[in-house]
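Whatever order the structure lists them in is the order used to number ligands and atoms, beginning at 1. The figures here come from the full heavy-atom set of this structure, side chains too, leaving out hydrogens, waters and symmetry mates.
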Amino acid sequence: MTHPLTLIEIQSQMDTCRLCLEASHDIFPRAIYAGSPDARMMVLGQAPGITEKEAGRPFNAGSGSRLFQWLAGAGIEEDWFRTTQYMTSITKCYPGRSKSGSGDRVPSKAEQQLCRPFLEGEIGLLNPELIMPVGRLAIEYFFPSKPALKDVIGTQMQLDGRWIVPLPHPSGASRWHQNEENRALIEKAVGLVRGHYGRIFGANPV
Ligand code: SF4
């Protein structure tokens with residue numbers, strides 16, 4: 001009888017995974033994720049960008065700064081979150097630049113499918129009480145009907161006993177979060193995160 005995998009075993013498989021390359025998908029094989037096996041909250045992004053690939057940590061640069069500025073409004077401190085909670089993405093390896101040269105390539109459906117068992121394993125083993133999908137691709141993992149961002153940001157959904165609170169992508173290139181009405185939706189989402197943070201950890205972070 002085979003024993004169920006542990007999170008460390010899944011991470012080790014991700015670290016050595018070459019499935020995309022073997023299927024001729026053009027990615028840079030270095031799985032980017034971070035956090036604690038005891039995490040109770042998870043941030044789920046789309047895929048690492050080039051600075052994440054080089055630094056080896058999720059949401060490393062400007063996107064990370066903006067994301068944690070938002071989360072500061074929920075009382076969440078960046079270093080605490082990075083070390084005690086969990087950050088991962090739909091596909092774990094940097095997909096390279098888009099053909100147009102403006103921004104990074106969105107991982108293809110085939111790449112998402114290849115990487116999906118890793119994400120399912122991470123979620124299954126961590127069993128986080130709150131997941132924050134960040135950006136369209138991560139949101140569509142939980143909302144496959146592909147709703148408009150304005151219809152899901154500021155809302156929450158309960159799924160398999162955990163809460164899902166979507167956030168837009170915090171990239172500086174994104175115009176969505178710069179719009180005043182949309183910023184109000186982000187504040188609403190941050191308020192939801194604040195509520196879950198308090199429920200999970202009490203008024204003060206551990
Ligand atoms: S993106 Fe996922 S499936 Fe593709 S090589 Fe990286 S870890 Fe493997």
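Contact check for I123 versus N127: no side-chain heavy atoms found under the 4.5 Å cut-off. The closest side-chain heavy-atom distance from M157 to F143 is below 4.5 Å.
Evaluation of the ring-ring contact (aromatic ring centres under 6.0 Å, His included) rule for H169 yields no partner, not counting sequence neighbours. Applying the side chain to side chain contact (heavy atoms under 4.5 Å, CB included) test to V106 and every residue at least two apart in sequence or in another chain returns Q46, L137.
Counting Ile, Leu, Val, Met, Phe, Trp and Tyr side chains that sit under 4.5 Å apart, directly or through other members, F28 shares a hydrophobic cluster with I50, Y94.
Below 30°, between 30° and 60°, or above 60°: for H177 and W70 the angle between ring planes is above 60°, a perpendicular geometry.
Protein N/O/S atoms found under 2.8 Å from atom 4 (Fe) of ligand 1, listed by chain and residue number: C20 SG.
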